[in-house]
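Report on the structure given below.
Every number for a ligand or one of its atoms is a count from 1 in the order of the listing.
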Amino acid sequence: MLSYRHSFHAGNFADVLKHTVATSILDYMLKKEKAFFYLDTHAGCGAYALNSPEALKTQEFNNGIVPLWGRKDLPAPVARYMEQVVEFNAQSQLHYYPGSPSIAVQMLRPIDRLSLFELHPNEFINMSKNFSGNRKIQMSKSDGLKGLIANMPPVERRGFMLIDPSYEIKTEYQSVVETLIQAVKRFATGTYALWYPVVNRATINKMEKALIASGIKNIQLFELGIRSDSEQIGMTSSGMIVINPPWTLNKEMQESLPFLAELLGEDDQGFYRIETLVSE
Ligand code: SAM
C-alpha cells in the first residue's frame with residue numbers, strides 16, 4: 001500500500017535540487033535538433049497547489065521554492081529552473097509548483113516524446129487529468145522501474161530518464177541500482193538521473209558503493225544538504241546521481257550548489273557535494 005503523497009513536499013529543498021538538475025539536463029538535450037525521449041519512472045500528479053491542506057500542513061516550500069522566488073541574483077542554471085516555475089504560475093505570484101512531468105512538458109518540443117509512470121491510483125487519475133489531450137505523452141499506471149527497463153532503448157536513441165522513487169520500501173535503494181544496471185545494458189548512451197534522500201547516510205554510502213562496483217561508467221553525484229547528517233528522523237539532504245551527464249552539468253552545479261546551500265542551509269549547516277563516482 002503506497003502512502004507517500006508528493007503534495008506534502010512539493011517545492012521543498014529536495015525539489016529545488018532535483019528540478020534544477022533536471023532542467024539543466026533538458027536544456028542541454030534541447031540544444032540538438034534531433035528528437036529525444038523523456039521517461040519519468042515516478043511521475044506524481046504533475047501539479048501542486050501550495051495552498052492545499054497537505055502543502056500547508058508541512059510548509060516545506062518555505063525552505064525551498066519560496067526563498068528563491070523573485071530573486072534577481074540567482075545563478076543562471078537556477079534562474080532557468082525558476083523560469084519553469086514562473087511559467088507554471090499564470091499570475092505573478094507563486095501559487096503552484098510544477099512536478100517533474102510538468103517541467104518536461106513545458107520544455108519539450110512537439111518532436112520529443114514523454115512516458116510517465118505512476119503507480120498510486122489517485123495520483124494516476126490526477127496525472128491523467130493534468131495531461132489529458134497531450135498526445136505526445138504516454139501515461140502508465142504501473143511500476144516505473146519495470147517500465148524503464150521495458151522502454152530501453154528508445155527508438156530516438158537519445159533519452160533522459162528521471163528515477164525519483166519515494167523510498168517507502170527499504171529494498172528500493174537496492175532495486176534502483178539493479179534497474180539502472182539493466183537499463184544501461186540496454187541503452188548505454190542514455191542520461192539517467194536518480195534522486196536519493198539522505199535520511200540515513202550509511203544507506204546512501206552503500207548505494208553509491210553498489211553503483212561504483214556496477215561497471216557503469218561516467219557517473220556524477222550532486223547533493224544539497226540543509227543540515228548536517230544526523231541520527232534524528234527526517235531528511236537532512238538529498239542528491240541526484242547522474243549517469244552520462246551532459247558535459248556542461250558539472251560546471252552548472254559548481255555555479256549553483258554553493259548558492260543554494262548558503263541560501264537554504266539552516267543554522268549555517270548548509271552543504272553540497274559534487275563528485276565523480278566513476279569517470280568516463
Ligand atoms: N517525480 C515527481 C516530481 O518531481 O514532481 C515526484 C514523485 S514522488 C517523489 C514519487 C511518486 O512515485 C509518488 O507519487 C508515488 O505514488 C509513486 N510511486 C511509488 N512507487 C512507484 C512505482 N513502483 N512505480 C511508479 N510510481 C511509483
Side-chain angles (χ1 to χ4, degrees), residues 1-26 38-50 52 54-55 58 60-61 64-65 81-82 84-85 87-89 96-108 114-131 137-151 160-180 182-183 192-199 222 224 235 237-242:
M1 175 71 184
L2 296 171
S3 60
Y4 180 92
R5 289 292 165 288
H6 199 62
S7 46
F8 286 96
H9 311 289
N12 67 3
F13 75 92
D15 268 2
V16 169
L17 182 264
K18 183 203 308 172
H19 296 151
T20 299
V21 171
T23 304
S24 288
I25 295 172
L26 287 167
Y38 171 81
L39 186 144
D40 209 323
T41 56
H42 299 70
C45 69
Y48 304 95
L50 296 179
S52 71
E54 295 87 351
T58 60
E60 289 187 12
F61 50 78
I65 192 63
Y81 149 66
M82 186 54 77
Q84 297 308 318
V85 183
E87 187 177 332
F88 198 69
N89 282 274
Y96 300 101
Y97 189 79
S100 49
S102 293
I103 292 176
V105 167
Q106 283 181 172
M107 294 181 74
L108 265 58
L114 296 91
S115 185
L116 312 177
F117 290 84
E118 173 53 52
L119 200 52
H120 192 282
N122 287 344
E123 290 297 85
F124 181 78
I125 291 170
N126 292 335
M127 175 174 90
S128 306
K129 284 184 193 152
N130 286 334
F131 301 110
I137 308 179
Q138 189 193 358
M139 293 182 265
S140 315
K141 186 161 65 99
S142 58
D143 176 38
L145 295 182
K146 287 200 180 102
L148 170 63
I149 296 172
N151 274 275
F160 168 35
M161 283 61 70
L162 175 65
I163 300 133
D164 183 19
S166 40
Y167 296 97
E168 278 178 87
I169 306 162
K170 284 254 155 52
T171 52
E172 277 181 295
Y173 291 96
Q174 214 181 316
S175 48
V176 287
V177 175
E178 285 159 11
T179 301
L180 278 169
Q182 293 302 317
Y192 302 84
L194 169 67
W195 180 82
Y196 65 85
V198 180
V199 177
F222 307 98
L224 174 68
M235 175 174 65
S237 182
S238 83
M240 289 278 265
I241 293 178
V242 187

Above 12 or not: heavy atoms from other molecules or residues under 6.0 Å from CZ of Phe88? yes
In this structure, CG of Asn126 is separated from NE2 of His120 (nearest 0.5 Å) by 9.5 Å
For ligand 1, the residues whose heavy atoms come within less than 4.0 Å (ordered by chain, then number):
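Near ligand 1, by chain and number: Leu2, Tyr4, His6, Lys18, His19, Asp40, Thr41, His42, Ala43, Gly44, Gly99, Ser100, Glu118, Leu119, His120, Ser142, Asp143, Gly144, Asp164, Ser166.
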Discussion item. Tell me every residue that passes ring-ring contact (aromatic ring centres under 6.0 Å, His included) with Tyr38, counting only those two or more places apart in sequence or in another chain.
Written reply: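 Tyr38 satisfies ring-ring contact (aromatic ring centres under 6.0 Å, His included) with Phe160 once adjacent residues are dropped.
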Taken in chain and number order and not counting sequence neighbours, the residues that satisfy ring-ring contact (aromatic ring centres under 6.0 Å, His included) with Tyr173 are Tyr167
Sequence neighbours excluded, the answer for side chain to side chain contact (heavy atoms under 4.5 Å, CB included) partners of Ala183 is Leu148, Met152, Tyr192
Quick one, Met107 and Gln84 - any side-chain contact, counting heavy atoms below 4.5 Å?
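Yes, side chains in contact.
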